[in-house]
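This report refers to the structure that appears directly beneath it.
Positions are given from 1 along the sequence. Only heavy atoms go into these numbers, but all of them, side chains included; no hydrogens, no water, no symmetry mates.
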Amino acid sequence: DVTLPGRVRTEGGIHPVMRTWMRIEEIFRSIGFDVADGPEIESDWFSFTALNNPPNHPARSMQDTFYVDRCDEEGRQLPLRPHTSPMQVRYARTHEAPIKIIAPGRTYRVDSDATHSPMFHQMEGLVVDKKITLCDLQGMLDKFVQAIFGSEVKTRLRPSYFPFTEPSVEVDVSCFECGGKGCPLCKHTGWIEVLGAGVVHRSVLENCGIDPEIYSGFAFGIGLERIAMGKYDINDLRLFFENDLRFLDQF
């Protein structure tokens with residue numbers, strides 16, 4: 001019927017989480033990082049023991065892990081990876097230092113609210129070489145956050161604890177909304193927490209087959225949803241997974 005209005009063919013768009021993933025990967029590739037990959041159903045050893053979490057260590061309680069109905073050769077249930085760190089260990093055990101990689105992928109934890117999801121995306125990074133220090137980590141993070149949020153954004157490191165790094169730090173960025181003056185986005189502190197990082201623990205290097213007397217390194221973990229929430233001013237992480245076209249069409 002030539003009198004009917006024409007049918008409009010709408011174009012799709014890239015999901016905001018994938019858009020963030022692609023941008024961060026592009027940034028790290030541009031400074032020489034390789035991209036690692038690995039399975040989502042992991043062994044207990046790669047998920048915990050290799051990362052300085054021996055059996056019954058209290059650090060295992062830091063994350064509530066999903067398990068599948070399968071066991072490894074030692075009879076331990078296989079977990080869905082709670083972080084992408086196992087991909088770093090797998091890569092380090094099959095490649096010689098120096099190492100410079102990022103490990104992006106889906107991760108799983110028993111957690112669900114406005115800022116947490118039982119399935120989310122992480123991008124972890126690992127750099128191993130001679131004489132690597134915490135200063136190298138902060139210098140790299142400065143360049144990263146400026147590429148993501150703007151050239152005026154600054155970073156600060158706060159002492160923290162992770163079993164696989166020592167020393168460990170939480171990394172904050174100056175609020176990109178108010179410039180550090182204080183606003184609802186940064187809860188009037190001027191700073192927003194974006195990732196955790198630290199110097200790789202000696203035991204983790206040894207578990208990867210790397211001599212800690214010769215090499216040192218730093219590692220960091222970025223929550224892609226958290227970066228996307230800050231970049232696109234989104235206050236509820238669950239919006240990313242509801243498939244509401246009214247939300248997705250904005251991207």
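With sequence neighbours excluded, no residue forms a side-chain hydrogen bond (donor to acceptor under 3.5 Å, both in side chains) with Trp45. Residues forming a salt bridge (charged side-chain N to carboxylate O under 4.0 Å, His left out) with Glu42 (at least two apart in sequence, or on another chain): Arg90. Considering only residues two or more places apart in sequence or on other chains, Phe251 meets the ring pair (Phe, Tyr, Trp, His ring centres under 6.0 Å) condition with Tyr232, Phe247. Legend: residues meeting side-chain contact (heavy atoms from CB on, under 4.5 Å) with Ala103, ordered by chain and number and at least two apart, are Ala36, Thr84, Met87, Gln88. For Thr107, the side-chain hydrogen bond (donor to acceptor under 3.5 Å, both in side chains) test picks out no residue, with sequence neighbours left out. When the salt bridge (charged side-chain N to carboxylate O under 4.0 Å, His left out) test is applied to Asp69, no partner is found at least two apart in sequence or on another chain. Residues satisfying the side-chain hydrogen bond (donor to acceptor under 3.5 Å, both in side chains) test with Arg29, not counting sequence neighbours, are Glu25. In terms of the side-chain hydrogen bond (donor to acceptor under 3.5 Å, both in side chains) criterion, Thr20 has no residue partners (sequence neighbours excluded). When the ring pair (Phe, Tyr, Trp, His ring centres under 6.0 Å) test is applied to Tyr91, the partners found at least two apart in sequence or on another chain are His95. For Arg19, there are no salt bridge (charged side-chain N to carboxylate O under 4.0 Å, His left out) partners two or more places apart in sequence or in a different chain.
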Side-chain donor-acceptor pairs under 3.5 Å in residues 146-156, sequence neighbours left out?
unit_1 : atom_1 : unit_2 : atom_2 : d
Thr155 : OG1    : Asp142 : OD1    : 2.4
Arg156 : NE     : Asp172 : OD2    : 2.9
Arg156 : NH2    : Asp172 : OD2    : 3.2

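Screening residues 204-226 for ring pair (Phe, Tyr, Trp, His ring centres under 6.0 Å), with sequence neighbours left out, gives Phe28-Phe220.
Annotation: side chain of Trp191 is in contact with side chain of Ser174 (closest heavy-atom distance under 4.5 Å).
The 12-atom threshold is exceeded at CE of Met119, counting heavy atoms of other residues, nucleotides or ligands nearer than 6.0 Å. In this structure, Glu96 places its CD atom where only 12 or fewer heavy-atom neighbours from other residues, nucleotides or ligands lie under 6.0 Å away.
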Problem set entry | Full working for side-chain contact (heavy atoms from CB on, under 4.5 Å) between Val194 and Ile222 | CA-CA 7 Å; Val194 291; Ile222 303 166; over 6 Å; no

Exercise. When you look at Asp244 and Leu239, which way does the side-chain contact (heavy atoms from CB on, under 4.5 Å) test go after all the steps?
Worked result: CA-CA 8 Å; Asp244 188 332; Leu239 290 169; over 6 Å; no

Exercise. Can you list the steps and then say if Phe144 with Ile31 is a side-chain contact (heavy atoms from CB on, under 4.5 Å)?
Worked result: CA-CA 10 Å; Phe144 165 68; Ile31 54 176; over 6 Å; no

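Here the OG-CG distance, from Ser168 to Leu157, works out to 11.5 Å after rounding to the nearest 0.5 Å. The distance from atom CG of Leu78 to atom CG of Asp44, rounded to the nearest 0.5 Å, is 8.5 Å.
Between Glu166 and Arg202, no side-chain nitrogen of the basic residue sits less than 4.0 Å from a carboxylate oxygen of the acidic one, so the salt-bridge criterion is not met.
For the residue pair Glu124 / His83, no side-chain donor-acceptor distance below 3.5 Å is found, with atom types taken as modelled.
Checking side-chain atoms of Ser203 against main-chain N and O of Asn52 turns up no donor-acceptor pair under 3.5 Å.
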